[in-house]
Amino acid sequence: MFGYGSESLAQKQEAERAALERSMQFCKDELKKMHEATPDEAERLSKGLKDHCGQDKALPFDFKRKVLERARQYECNANMRAADHALHTALRLAAEEHMVERASKLGEGRRYFSKACALGADEDFRKAAQRLIENVMMTGGVQKKGPTRAKPADIAPRAPNRAKA
């Protein structure tokens, strides 16, 4: 009877170890999905990882901390990529004088920028994005068709090209 109890204890420990391995592998797989995810998908995966790490008490504390730190970093990167893409699109639209589309892309870029800042974006990204937002705001909306006071129509007759005569 003593041998039977120790055998079940060994089986129980093996089952706990296998469950821990599955849980750790699940976390690693979720992080791999987050690496190239969109901001919305990254946020969803990050919340799922937080819930999973909070519920699973068997996971080591250091592993949880590293997983959640990496998830936050990946979510921040996803927001930074989306902000950069939206702001560059807004700049292109502003140069093409599509002001309504520019405004919507600028709003989208600002939203992703603020999320990235809240998640810990580095100072270089913050400064670059702020400069890009300023450039978008100053681009477009001033181009006039036809002559203006600053650039009147050229009504003087053309001088003949006498060099070829």
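None of these values were measured; they are calculated from a predicted model.
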(message) For R70, is the CZ atom crowded, meaning more than 12 foreign heavy atoms sit under 6.0 Å from it?
(response) no

(message) Count I, L, V, M, F, W, Y as connected when their side-chain heavy atoms are under 4.5 Å apart, and connections chain through other members. Are L106 and L132 then in the same cluster?
(response) yes

(message) For a quick test of reading the model, state the closest non-hydrogen atom pair linking V67 to C53 and the distance between them.
(response) CG1-SG, 4.3 Å

(request) Could you check if a side-chain atom of E41 sits within less than 4.5 angstrom of a side-chain atom of R44, using non-hydrogen atoms only? (result) yes

(message) Check for me, please, whether L87 and M80 land in the same ILVMFWY cluster - side-chain distances under 4.5 Å, paths through other members count.
(response) yes

(request) Output yes when E96 and R92 qualify as a salt bridge under the 4.0 Å nitrogen-oxygen rule, no when they do not. (result) yes

(request) Rounded to the nearest 0.5 Å, what's the gap from NZ on K33 to CG on D29? Could you check? (result) 7.0 Å

(request) Keeping the roles fixed (side chain from R126, backbone from A116), state whether a donor-acceptor pair exists under 3.5 Å. (result) no

(message) Return the CG to CG distance between L45 and D40, rounded to the nearest 0.5 Å.
(response) 11.0 Å

(message) Any non-hydrogen side-chain atom of C27 less than 4.5 Å from a side-chain atom of D56?
(response) no

(request) I would like to know whether Q25 and R22 meet side chain to side chain contact (heavy atoms under 4.5 Å, CB included); could you show each step before the answer? (result) CA-CA 5 Å; Q25 190 59 43; R22 281 193 305 273; 5.7 Å; no

(message) Tell me the closest heavy-atom pair linking A71 and S46, and the distance in Å.
(response) CB-OG, 4.3 Å

(message) Over 60° means perpendicular and under 30° means parallel, so tell me whether F113 and F125 are parallel, tilted or perpendicular.
(response) tilted

(request) Test L119 against every option in E75, Q73, E43 by the side-chain contact (heavy atoms from CB on, under 4.5 Å) rule and name the one that passes. (result) E75

(request) State yes or no: do L91 and M137 share one hydrophobic cluster built from I, L, V, M, F, W and Y residues joined by side-chain heavy-atom distances below 4.5 Å, directly or via other members? (result) yes

(request) With rounding to the nearest 0.5 Å, note down the distance linking NE2 in H88 to NZ in K105. (result) 13.5 Å

(request) Over all heavy atoms of both residues, which pair between T139 and R102 is shortest? Give the atoms and the distance, please. (result) O-NH1, 3.6 Å

(message) Could you tell me if the side chain of P60 sits less than 4.5 Å from the side chain of L20, heavy atoms only?
(response) yes

(request) For the pair E108 and R111, find out whether any cationic side-chain nitrogen is under 4.0 Å from an anionic carboxylate oxygen. (result) no

(request) Find the distance between CZ (F63) and NZ (K28) and round it off to the nearest 0.5 Å. (result) 5.5 Å

(request) Supply the atom-to-atom distance R72 CZ to M34 CE, rounded to the nearest 0.5 angstrom. (result) 11.0 Å

(request) List the atom of P39, the atom of A78, and the distance in Å for their closest heavy-atom pair. (result) CG-O, 3.5 Å

(request) Decide whether M24 and L49 are clustered together by the hydrophobic rule: side chain heavy atoms of Ile, Leu, Val, Met, Phe, Trp, Tyr closer than 4.5 Å, transitively. (result) yes

(request) Ignoring hydrogens and angles, tell me if any N or O in the side chain of S23 forms a donor-acceptor pair with the backbone of A19 under 3.5 Å. (result) no

(message) Measuring from atom NZ of K127 to atom CD of E123, what distance do you get when rounded to the nearest 0.5 angstrom?
(response) 5.0 Å

(message) Could you go through E134 and R131, starting from their C-alpha distance and side-chain angles, then the distance that decides it, and tell me whether this counts as salt bridge (Lys or Arg N to Asp or Glu O under 4.0 Å)?
(response) CA-CA 5 Å; E134 290 172 3; R131 283 192 304 268; over 6 Å; no

